[in-house]
J.: 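Please see the structure below; I have some questions.
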Amino acid sequence: MSGQSITDRIAAAQHSMTGSAISKAVCKATTHEVSGPKKKHLDYLIHCTNEMNVNIPQLADTLFERTANSSWVVVFKALITTHHLMMYGNERFIQYLASRNTLFNLNNFLDKGALQGYDMSTFIRRYSRYLNEKAMSYRLVAVDFTKMKRGIDGVMRTMNTEKLIKTLPIIQNQLDALLDFQANPNELTNGVINSAFMLLFKDSIRLFAAYNEGVINLLEKYFDMKKNQCKDALDIYKKFLYRMTKLSEFLKVAEQVGIDQGDIPDLSQAPSSLLEALEQHLASLEGKKTKELNADTRASTLSSAVSSLSSTGMSFSRMDEKEKQQALEEEQARLDILIPIRLFLLVLPLVIKYGSALQFFHKYEFVCPSGFDALGDLLKPTVPTHTAPPPPPPPQMAIHPGGKLLANDLDSSLANLVGSECQDSCAHAACDMQWNQTGEKKLTGGQNWQNKTMSTTQWSPAPVAPQPMPVPHMVPPQMGQMGGVPVMAPQPMMYNQPVLRPTNPFAPMPGAQMQFM
């Protein structure tokens with residue numbers, strides 16, 4: 001199966017007719033094509049989550065409707081799209097998912113009609129359980145563990161003891177649901193499951209980084225805790241060691257499927273002597289007879305364990321830094337394309353003046369990216385409209401001494417350039433235009449009235465008073481014939497006394513009366 005199906009095209013056409021751009025984008029992102037959702041559709045949906053006028057519940061409900069499809073491809077891609085929006089979309093999206101009573105009810109999903117339906121249905125059930133657990137974690141703590149601040153002054157490192165003991169089990173449950181995906185390298189055979197595995201890989205790195213910092217904070221406070229707190233903390237630390245082993249197996253699969261070795265962190269376990277020291281301290285609090293380590297030995301063991309776990313946390317940050325750098329490069333590439341386009345749109349009104357855009361660009365020595373032709377030969381008129389040499393650039397423009405616009409002041413430079421050139425064009429046009437009119441006849445009334453032809457337009461603000469005009473008797477309307485069709489003769493209206501014409505032609509005239517015969 002390759003390409004979009006007829007069902008996908010019909011659904012997209014229906015959403016286009018109804019004017020629902022979000023539903024159309026969701027439909028395009030969750031087609032029957034056996035490949036991951038396209039980046040342009042995911043980027044558009046991410047943009048929609050950041051718009052305040054977008055209905056987030058409608059967006060989420062549209063994704064839920066796609067998971068009711070019988071095809072494993074559509075359901076899997078709907079889950080991937082939802083996961084992508086939870087990771088990179090606005091926080092309002094995951095907030096809405098956390099507020100729902102139920103999310104994905106796919107525990108019994110099975111596609112029997114496709115070639116890979118049985119195998120992929122298993123991963124769909126596991127993947128949906130992880131997304132449900134991710135939303136549940138946000139509901140419990142009101143924060144996404146993969147997005148929280150990390151470091152010495154991070155959230156998990158500065159959390160108090162009671163809250164820390166309650167929060168770490170929530171991270172454990174979410175990490176367990178993630179590691180239960182259990183995909184082998186020979187099972188990652190198509191673009192759909194590979195896209196899901198990449199999102200899970202990124203979540204596992206960030207989630208375990210928060211988990212690791214919480215355990216460091218827990219160990220630093222362990223020897224100052226009460227007996228019950230020490231018991232819970234020791235149980236959390238033992239589970240932490242077990243999950244570190246499972247995570248290392250998960251990362252081996254990621255390495256085998258082609259993920260960059262630099263993105264995979266190095267997991268450094270704490271020395272085994274630390275676990276013995278923790279157990280001995282708890283036994284001493286419970287009143288059991290045991291040989292407890294002295295303060296110096298215990299401090300050195302704890303310091304060694306914290307140092308080892310801190311180095312592991314540092315390796316987790318490499319993926320975030322690489323992703324940020326990649327995002328900056330993509331943004332810079334978009335700016336390199338948009339800047340010449342903006343420049344073209346700004347100088348478009350001036351192309352007619354210079355006759356050719358190349359003359360304009362040559363005058364100010366604009367530098368465009370290689371391979372980009374803003375105008376080409378489309379806007380080159382055969383005859384230039386002005387033969388006079390172009391005026392020198394205005395002094396207020398931000399121009400480099402070499403004649404180039406400053407890169408760090410592009411907007412102001414272009415604005416000044418367009419404004420000055422437009423003013424110069426208007427000045428030349430004002431000199432060339434002749435304000436001569438063919439003549440204007442004005443009936444002034446009276447017995448001795450005559451036509452007065454105005455050679456030039458008089459810009460006088462004072463109103464002109466018409467001469468007195470007698471009131472003749474009005475002729476009754478008569479019917480005429482025009483082409484065999486009776487036509488009503490127009491009835492003229494006269495004023496019985498001279499009045500001044502107001503400045504506003506639409507204002508009522510004082511003293512005006514109408515007489516009918």
Side-chain angles (χ1 to χ4, degrees), residues 1-8 11 26-39 41-42 62-87 102-136 173-205 207-208 243 245-260 263-264:
M1 185 187 301
S2 61
Q4 298 183 18
S5 65
I6 300 298
T7 306
D8 298 330
V26 171
C27 181
K28 290 283 188 179
T30 58
T31 59
H32 288 77
E33 185 177 1
V34 186
S35 62
K38 293 184 179 180
K39 186 177 183 301
H41 301 139
L42 295 176
T62 306
L63 290 170
F64 293 146
E65 291 176 1
R66 299 297 287 176
T67 59
N69 197 286
S70 59
S71 172
W72 70 267
V73 181
V74 176
V75 176
F76 217 151
K77 294 173 76 171
L79 296 176
I80 293 171
T81 305
T82 304
H83 191 187
H84 196 88
L85 295 180
M86 294 172 74
M87 292 177 61
T102 58
L103 290 181
F104 302 106
N105 188 14
L106 300 173
N107 294 330
N108 299 322
F109 177 81
L110 181 61
D111 184 4
K112 300 179 181 180
L115 181 62
Q116 296 178 312
Y118 282 92
D119 296 334
M120 294 296 107
S121 297
T122 302
F123 293 108
I124 287 176
R125 293 192 294 268
R126 296 172 182 174
Y127 194 28
S128 64
R129 283 197 295 267
Y130 169 70
L131 295 182
N132 290 339
E133 192 64 36
K134 184 180 177 72
M136 179 60 66
N173 294 335
Q174 183 176 344
L175 186 61
D176 289 342
L178 188 151
L179 297 176
D180 285 343
F181 192 73
Q182 295 178 352
N184 297 323
N186 55 356
E187 294 173 328
L188 303 176
T189 56
N190 57 74
V192 180
I193 191 173
N194 288 341
S195 300
F197 185 80
M198 280 300 302
L199 295 179
L200 291 174
F201 169 75
K202 294 179 180 179
D203 261 12
S204 65
I205 298 300
L207 185 61
F208 196 83
R243 285 161 180 79
T245 304
K246 291 189 64 176
L247 179 64
S248 62
E249 297 174 357
F250 182 85
L251 297 180
K252 288 179 181 179
V253 176
E255 183 178 358
Q256 294 176 8
V257 297
I259 294 180
D260 191 3
D263 295 338
I264 300 176

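Only a predicted model underlies this, so the values are computations on that prediction, with no experimental measurement involved.
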J.: Listing request: all side chain to side chain donor-acceptor pair (under 3.5 Å) pairs with a residue in residues 175-188, at least two apart in sequence or in separate chains.
T.: D176-R243
J.: Could you measure the distance from the OG atom of S204 to the CG atom of L178? Nearest 0.5 Å is fine.
T.: 5.5 Å
J.: What pair of heavy atoms forms the shortest contact from R66 to C27, and how long is it?
T.: NH2-O, 4.2 Å
J.: When F250 is tested against each of F197, F201, F208, F181 for ring-ring contact (aromatic ring centres under 6.0 Å, His included), which residue passes?
T.: F197
J.: List for me each residue that meets side-chain contact (heavy atoms from CB on, under 4.5 Å) alongside L42, sequence neighbours excluded, and say none if there are none.
T.: P37, T81, H84
J.: For H83, which residues count as a side chain to side chain donor-acceptor pair (under 3.5 Å) partner, sequence neighbours excluded?
T.: Y127, D203
J.: To the nearest 0.5 Å, tell me how far L199 CG sits from M86 CE.
T.: 11.0 Å
J.: Identify the two heavy atoms, one from Q256 and one from P185, that lie closest to each other, and give their separation to 0.1 Å.
T.: OE1-CG, 2.8 Å
J.: Going by side-chain contact (heavy atoms from CB on, under 4.5 Å), name the residues that satisfy it together with T122, two or more places apart in sequence or in a different chain.
T.: R125, R126
J.: Got a sec, which residues hit side-chain contact (heavy atoms from CB on, under 4.5 Å) with N107, two or more places apart in sequence or on another chain?
T.: N105, R129
J.: Starting from the C-alpha separation in whole Å, work towards a yes-or-no answer on side-chain contact (heavy atoms from CB on, under 4.5 Å) for L85 and L63.
T.: CA-CA 11 Å; L85 295 180; L63 290 170; 4.0 Å; yes
J.: Between A29 and K77, what is the shortest heavy-atom contact and its length?
T.: O-CE, 3.3 Å
J.: List the steps and the verdict of side-chain contact (heavy atoms from CB on, under 4.5 Å) for M87 and K202.
T.: CA-CA 10 Å; M87 292 177 61; K202 294 179 180 179; 4.0 Å; yes
J.: Quick one, E33 and V73 - any side-chain contact, counting heavy atoms below 4.5 Å?
T.: no
J.: Using 0.5 Å steps for rounding, measure from the CD atom of Q174 to the CG atom of L207.
T.: 4.5 Å
J.: Do N194 and V257 make a side-chain contact, defined as non-hydrogen atoms from C-beta onward lying under 4.5 Å apart?
T.: no
J.: List for me each residue that meets side chain to side chain donor-acceptor pair (under 3.5 Å) alongside T189, sequence neighbours excluded, and say none if there are none.
T.: Q116
J.: For L103 and N132, which heavy atoms make the closest approach, and how far apart are they?
T.: CB-OD1, 3.0 Å
J.: Checking F109 now: which residues fulfil ring pair (Phe, Tyr, Trp, His ring centres under 6.0 Å) with it, not counting sequence neighbours?
T.: none
J.: Side chains of I205 and I264: closer than 4.5 Å at any heavy-atom pair?
T.: no
J.: Do M120 and V75 have side chains that approach each other closer than 4.5 Å (heavy atoms only, starting at C-beta)?
T.: no
J.: Taking C-beta and beyond as the side chain, do T30 and F76 meet within less than 4.5 Å on heavy atoms?
T.: no
J.: Sorted by first residue and then second, give each salt bridge (Lys or Arg N to Asp or Glu O under 4.0 Å) pair with at least one member in residues 247-257; sequence neighbours left out.
T.: none
J.: Quick one: CG on L110 to OG on S70, what's the gap to the nearest 0.5 Å?
T.: 11.5 Å
J.: For a 4.5 angstrom cut-off between non-hydrogen side-chain atoms, does D119 reach W72?
T.: no
J.: Indicate yes or no for a side-chain donor-acceptor contact from S121 to the backbone of D111 under 3.5 Å, with no hydrogens or angles considered.
T.: yes
J.: So, using side chain to side chain donor-acceptor pair (under 3.5 Å) as the criterion, who are the partners of S248 when residues are at least two apart?
T.: none
J.: In this structure, which one of T67, L79, N69, T31 forms a side-chain contact (heavy atoms from CB on, under 4.5 Å) with V74?
T.: N69
J.: Taking side chain as C-beta onward, heavy atoms only, is S35 less than 4.5 Å from V192?
T.: no
